[in-house]
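Bear in mind the structure is a predicted one, so any value in this text is a computation, not a measurement. For ligands, and for the atoms within them, numbers begin at 1 and follow the listed sequence. Atoms considered below: every heavy atom in the structure, side chains included; atoms not considered: hydrogens, waters and symmetry mates.
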Amino acid sequence: MSSRHHLVIVTGANRGFGASIAHSYVKHSGASSVSFVLVGRDKQGLDTVLSELKHSVNTSNNHVAVKGTVVANVDLADISILDDSLARIHAAAAQLRTEAAQSNSAITKSVLFNNAGSLGDLGKTTKEVTWQDARRYFDFNVVSFVGLSSTFLKETQAAFPNDQYPQHQTVIVNISSLLAVQPFSNWGLYATGKAARDRLLGVVALEEKENNVKTLNYAPGPLDNMMQADVRRTLGDKEQLEIYEDMHQKGSLVAMDDSSRKLVLLLEKDEFASGGHIDFYDE
Ligand SMILES: NC(=O)c1ccc[n+]([C@@H]2O[C@H](COP(=O)([O-])OP(=O)(O)OC[C@H]3O[C@@H](n4cnc5c(N)ncnc54)[C@H](OP(=O)(O)O)[C@@H]3O)[C@@H](O)[C@H]2O)c1
């Protein structure tokens with residue numbers, strides 16, 4: 001079988017769902033080699049995840065050749081350093097592409113997981129949200145997302161022009177939410193940000209369909225993790241709070257690894273409609 005060497009960029013890879021995506025990618029993607037660019041603010045967390053990944057095995061218990069770099073101190077909420085952050089991320093990706101070519105194991109697929117995200121203040125309803133709150137929130141959750149996605153497309157297509165590398169696949173994933181497609185009280189900024197991200201990748205799917213590019217908006221379900229603990233601590237809507245408390249107490253929140261496995265298997269099967277929105281609970 002020919003080598004399947006994937007270049008995988010994950011934002012917010014130091015913990016939570018980002019780390020889980022990276023682990024599931026090694027296990028379930030079917031790649032024989034994975035070169036990771038792990039992006040985040042916390043160097044120690046990123047280093048730990050990378051070293052764990054290097055010792056992973058896949059579902060057939062085969063060792064997967066994992067290489068990678070961490071790009072730390074990337075604060076995606078700080079637009080004043082966004083150009084520099086994007087340049088550092090893509091320099092790291094370029095270096096891994098060069099190493100792959102030199103070791104005769106060229107990259108066959110490039111994947112960007114736009115995972116990093118924040119909740120905003122769920123104590124507030126929209127009439128309490130200021131435009132300054134909105135601007136801060138969208139800088140991180142939308143503006144940096146656009147920058148990451150567009151730079152990734154440009155850099156990847158420059159490295160693998162379609163006429164010379166027709167087999168090379170490019171995939172952009174948005175870690176989305178049910179809120180992108182259904183409104184709930186107190187989630188104004190979060191829902192607006194996720195809807196914007198979904199729609200951008202819908203547009204990209206159309207613009208790039210001739211270039212072997214696919215996009216996917218994946219809603220991972222209510223995850224049993226720190227972000228959910230923050231939801232239970234801060235959400236101002238009583239009715240929803242009771243639902244989340246109840247799920248937590250009954251143990252029915254979604255395990256991160258179950259959700260990230262579903263995502264990676266969707267990518268591996270490659271039957272999803274580009275630009276669409278798929279939820280963990282979908283068939
Ligand atoms: N948890 C859920 O139930 C749930 C449900 C639906 C969708 N999602 C989505 O899943 C994605 C991952 O969330 P999670 O559940 O893993 O949440 P989390 O545990 O709060 O992790 C968020 C990640 O984003 C990073 N991050 C936060 N602010 C950042 C910044 N300014 N610059 C760069 N990175 C930053 C965090 O890094 P630090 O360690 O540096 O803070 C962390 O790696 C998010 O997009 C979220 O909206 C989550």
Side-chain angles (χ1 to χ4, degrees), residues 9-24 37-50 70-82 84-86 88-89 112-122 136-145 147-149 172-182 184 187 189-198 201 216-235 240-241 243-245 247-248 252-260 262-263 277-282:
I9 304 175
V10 186
T11 65
N14 57 309
R15 63 183 175 92
F17 196 55
S20 179
I21 291 170
H23 281 287
S24 285
V37 180
L38 302 182
V39 179
R41 294 186 290 193
D42 163 22
K43 178 156 174 20
Q44 203 183 349
L46 294 167
D47 283 338
T48 303
V49 171
L50 184 58
V70 310
V71 184
N73 305 315
V74 172
D75 183 350
L76 292 169
D78 188 351
I79 294 301
S80 70
I81 58 159
L82 186 58
D84 180 56
S85 300
L86 295 176
R88 288 169 57 221
I89 293 164
L112 168 64
F113 288 98
N114 280 299
N115 165 74
S118 63
L119 288 171
D121 185 347
L122 301 182
R136 260 193 308 278
Y137 186 82
F138 294 132
D139 273 356
F140 172 25
N141 291 282
V142 180
V143 177
S144 79
F145 169 85
L148 282 159
S149 303
I172 305 181
V173 178
N174 163 34
I175 301 307
S176 181
S177 162
L178 175 62
L179 273 302
V181 293
Q182 192 176 343
F184 290 93
W187 292 84
L189 294 181
Y190 187 89
T192 307
K194 292 298 191 192
R197 290 161 61 122
D198 270 37
L201 291 199
L216 175 65
N217 299 297
Y218 177 70
L223 301 170
D224 190 7
N225 71 2
M226 276 172 73
M227 186 177 268
Q228 267 301 319
D230 288 343
V231 172
R232 291 192 299 278
R233 202 170 42 77
T234 61
L235 185 57
Q240 289 177 68
L241 204 51
I243 295 170
Y244 285 124
E245 290 282 7
M247 289 181 91
H248 175 57
S252 54
L253 291 168
V254 177
M256 287 195 281
D257 290 349
D258 290 346
S259 187
S260 62
K262 171 150 185 165
L263 167 59
H277 176 104
I278 299 180
D279 194 283
F280 172 75
Y281 291 113
D282 291 347

Which residues pass the side-chain contact (heavy atoms from CB on, under 4.5 Å) test with N174, sequence neighbours left out? F145, S176, R197, D198, L201, N217
Heavy-atom cut-off of under 4.0 Å around ligand 1: list whichever protein residues fall inside it, by chain and number. G12, N14, R15, G16, F17, R41, V74, D75, L76, A77, N115, A116, G117, F140, I175, S176, Y190, K194, P220, G221, P222, L223, N225, M227, Q228
Do you know which two heavy atoms are closest between V142 and G193, and how far apart they sit? CG2-CA, 3.7 Å
N/O donor-acceptor pair under 3.5 Å between T11 side chain and A116 backbone: yes
Ring pair (Phe, Tyr, Trp, His ring centres under 6.0 Å) involving Y190 - partner list, sequence neighbours excluded: W187
In residues 252-259, what donor-acceptor pairs under 3.5 Å come from side-chain atoms, sequence neighbours left out?
unit_1: S252; atom_1: OG; unit_2: M247; atom_2: O; d: 3.4
unit_1: D257; atom_1: OD1; unit_2: S20; atom_2: OG; d: 2.6
unit_1: D258; atom_1: OD1; unit_2: R261; atom_2: NH2; d: 3.4
unit_1: S259; atom_1: OG; unit_2: Y218; atom_2: OH; d: 2.9
unit_1: S259; atom_1: OG; unit_2: P220; atom_2: O; d: 2.8

Test: D230 and R233 ion pair at under 4.0 Å: yes
